[in-house]
Amino acid sequence: MITKKYMEMKNILKKIVFPVISMGILFSCADRYEIDSQTGKFEKSLTVVSDSVYYFEATSPREVVMSLNSSSAWECISSEDWCSVDPASSDMSSLIEDITLTIEENTESFTERTATLTFSAQGIGVEKKVEIVQYGLSRLEVGEIEVIAEGGETKTFSVLSNRDYTITTSADWLNISPMNGTPSDQEQTISVTASSNAGQEKRSAVVLIKTNDQQKELVVNQAGIGFEIDGEKTRYVSQTGSSLEVNLVTTSSWSVVIPQSNDWISANVNSGDGDGTVTFTVGENPGLYQRKSYVYFETPLASLKDSILIVQKADPIPFTAEYFVGVPANSVTFNDDGSATLYAAPGSGSKVLKSTISDFSYGKYTVYFSDIVIAYTSGTMLMSITAQDKTYGGISWGAFAKETYTDSWASEYWISDAFGSKIRQRFDNDVLREDIEKFIIDVRKSETEGKVDIDFYINDILLKSEQGNDGFASGDPMILSFWIYNYYDKANPAVFEPISLIYEPY
């Protein structure tokens, strides 16, 4: 029997419970991430608490957990196999089910891809959908750029990116346009403008192209003011004279400077701008010695200049009475072909042929011989270079019989006490007397202060390199002389016959 008191209590519970239940339902429906469906009041329902769209990076995608509440068996189907949930279904209702969303890495495409998750439950006709968006691989490709001319100009390079990007550089001589870009499947053209480079040296700048997850550097080079002489820096001209061309490769204006003292050289042009060719004309050399001169090329940039050395040969100096004298006078015969025969009779001692040329100095002395006859026993022939005020000593080179009755020669050289160096250094060689065509002594200032470097040759074979003190530091002229000794051979004369001398001064 229902009492009055029981009915009053029931009414009170209705007033308390139903409003609470109603409020819970109201708050649940108000969640903006909640997807809810009902087929009947307080009967069947499917609720998915999630974002409507999820975005993922191509690599290292994050893991997402969603919540599901279903009053009956349910399942979730993914439209793409790279996107999956766990669990994907349930044979019974779920009060609250955590569902883990897993995304595979996109390792093959730069293109964005999408998938759809479809949630459904038995007895509920409305499906719930969640969209999944995964970006493509990050793409940043930067093209190359050509060298910018020293005068300043605009060059371009390309950028291909599926991300927003920015471009920066620390070089104040570069202007970049545009300095940013948006995602695109087409290459974008970027302009780089450089101001003029007033220096000789090439300059470089780094341009940085950067997205949110990548960056690449592009090196921009700008040429300096260049100047180059094409070909050898030393040019040789015959004694009779000729013309020679010098090709200039340059981006600068230039001028030709020929020292006033060297009026035997002339140029067809005195200046130019950019690449050019200069023709130099050299007249006949009337002197006995080769002559040489530097020709200079100058530009407005003080540090940028170059030169060539023009060397003009001379006719060989003949061995005639005009240039050489025999001591004693009856020891030499001057021949019509320009040679001289120096003769030492058996047991007659020493004879000398001395130059009368008074301006020999550092240089390369090459003496050619048409005939050499040295007695088999103790005969010696030498070429000697001394300072003008000295009678003996100096730099010498000699050759003599190695042993009695053989054709193999030994050689010796000595640098006298006047040069403060070695005396009578002997060494053997395998050159036969009949093979000797020329003797060479090369005398030049050494890089060591107060020294001379000396090379001795038979033919073109370097026999010895030595160093001695510089006896010609005062600038005194040198005397070239030739000696023949025949003290001990009582039966055979000693003879040598020089035919010409080439002197190449330094």
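In terms of modelled atom types and a separation under 3.5 Å, the side chain of Ser72 and the main chain of Ala121 share no donor-acceptor contact. The closest donor-acceptor contact from the side chain of Glu105 to the backbone of Ser60 lies under 3.5 Å. No donor-acceptor pair under 3.5 Å is formed between the side chain of Gln312 and the backbone N or O of Ser242. Looking only at distances, no side-chain donor or acceptor of Gln134 sits under 3.5 Å from a matching main-chain atom of Phe56. Of the possible donor and acceptor atoms, one in the side chain of Thr169 sits under 3.5 Å from a partner among the backbone N and O of Val206. Under the 3.5 Å distance criterion, the side-chain polar atoms of Tyr503 are matched with a main-chain donor or acceptor of Ser361. Side-chain N or O atoms of Asp306 include none that pairs as donor or acceptor with a backbone N or O of Ile229 at under 3.5 Å. Remark: side-chain polar atoms of Asp230 are not paired, donor with acceptor, to backbone N or O of Leu248 under 3.5 angstrom. Remark: side-chain polar atoms of Gln222 are not paired, donor with acceptor, to backbone N or O of Leu174 under 3.5 angstrom. Without hydrogens or angle criteria, Asn162 side chain to Leu137 main chain gives a donor-acceptor distance under 3.5 Å.
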**Request:** Begin from the C-alpha positions of Asp442 and Thr366 and carry the test side-chain contact (heavy atoms from CB on, under 4.5 Å) through to its verdict.
**Result:** CA-CA 8 Å; Asp442 192 347; Thr366 304; over 6 Å; no

**Prompt:** Between Arg235 and Val246, does a side-chain contact (heavy atoms from CB on, under 4.5 Å) hold up when you go through it step by step?
**Reply:** CA-CA 9 Å; Arg235 307 292 179 91; Val246 177; 3.9 Å; yes

**Item:** side-chain contact (heavy atoms from CB on, under 4.5 Å) between Ser161 and Thr211, worked out
**Value:** CA-CA 8 Å; Ser161 176; Thr211 67; 3.7 Å; yes

**Request:** Walk me through it: do Phe319 and Val367 pass the test side-chain contact (heavy atoms from CB on, under 4.5 Å)?
**Result:** CA-CA 10 Å; Phe319 281 82; Val367 179; 4.0 Å; yes

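Of all non-hydrogen atoms in Cys83 and Ile103, the two that sit nearest each other are SG-CD1, 3.7 Å. Of all the heavy atoms in Ile265 and Ser293, the pair that sits closest is CD1-CB, 3.8 Å. Contact between Glu150 and Ala223 at its shortest, heavy atoms only, is CB-O, 2.9 Å. Arg113 and Glu104 make their closest contact through NH2-O, 3.4 Å (heavy atoms, listed as atom of the first residue, atom of the second, distance). For the pair Ile209 and Leu140, the tightest heavy-atom approach, listed with the atom from each and the gap, is O-CD2, 3.7 Å. Nearest heavy atom pair, residue Glu187 against residue Leu160, reads N-CD1, 3.8 Å.
Asp455 and Lys364 are not joined by a salt bridge, as no carboxylate oxygen comes within less than 4.0 angstrom of a charged side-chain nitrogen.
When the shell of 6.0 Å around NZ of Lys210 is examined, it contains 12 or fewer heavy atoms from other residues, nucleotides or ligands. Around CZ of Phe110, the count of heavy atoms belonging to other residues, nucleotides or ligands within 6.0 Å exceeds 12. The local environment of CD in Glu146 is sparse, with at most 12 non-hydrogen atoms from other residues, nucleotides or ligands closer than 6.0 Å. Heavy atoms from other residues, nucleotides or ligands lying under 6.0 Å from NZ of Lys155 number more than 12.
Ring pair Trp74/Phe119 is tilted by interplanar angle, where 30° to 60° counts as tilted. Note on ring orientation: taking the six-membered ring where Trp is involved, the planes of Phe297 and Phe280 are perpendicular (angle over 60°, cut-offs 30° and 60°).
Distance check, rounded to the nearest 0.5 Å: CG of Asn285 to NZ of Lys313 gives 12.0 Å. The distance from atom CD of Glu466 to atom CG of Asp453, rounded to the nearest 0.5 Å, is 10.0 Å. The distance from the CZ atom of Phe456 to the CD1 atom of Ile441 is 5.5 Å, given to the nearest 0.5 Å. For the atom pair CD (Gln215) and OG1 (Thr166), the distance works out to 9.5 Å, reported to the nearest 0.5 Å. Here the OG1 atom belonging to Thr116 is positioned 8.0 Å from the CD atom belonging to Glu80, to the nearest 0.5 angstrom. Here Lys44 contributes atom NZ and Gln122 contributes atom CD; the two are 8.0 Å apart, rounded to the nearest 0.5 Å.
Looking at heavy atoms from C-beta onward, Val282 lies in side-chain contact with Trp264 at the 4.5 angstrom threshold. Side-chain contact between Asn106 and Tyr135: absent, with no pair of heavy atoms (C-beta onward) separated by less than 4.5 Å. The shortest distance between side-chain heavy atoms of Thr279 and Leu244 does not fall below 4.5 Å. In this structure the side chain of Met66 reaches within 4.5 angstrom of the side chain of Leu117, judged on heavy atoms. Inter-residue side-chain proximity for Tyr323 and Leu288 is flagged as met; some heavy-atom pair is nearer than 4.5 Å. Considering only heavy atoms from C-beta on, Ser355 comes within 4.5 Å of Ile479 through its side chain. For the pair Gln214 and Tyr165, the minimum side-chain heavy-atom distance is 4.5 Å or more. Looking at heavy atoms from C-beta onward, Asn212 lies out of side-chain contact with Asp164 at the 4.5 angstrom threshold.
Under the 3.5 Å distance criterion, with hydrogens and angles disregarded, a donor-acceptor pair is assigned to the side chains of Thr154 and Thr193. Between the side chains of Ser446 and Gln467, at least one donor N or O lies within less than 3.5 Å of an accepting N or O. Side-chain contact annotation: Asn247 with Thr277, donor-acceptor N/O pair under 3.5 Å present. Between the side chains of Ser252 and Thr250, no donor-acceptor pair is found at a separation under 3.5 Å.
Each of Phe369, Tyr368, Tyr365 was checked for a ring-ring contact (aromatic ring centres under 6.0 Å, His included) with Phe439, and the lone residue meeting it is Phe369.
Cation-pi contact between Arg444 and Tyr506: absent, since separation from the ring centre below 6.0 Å together with deviation from the ring axis within 45° is not met.
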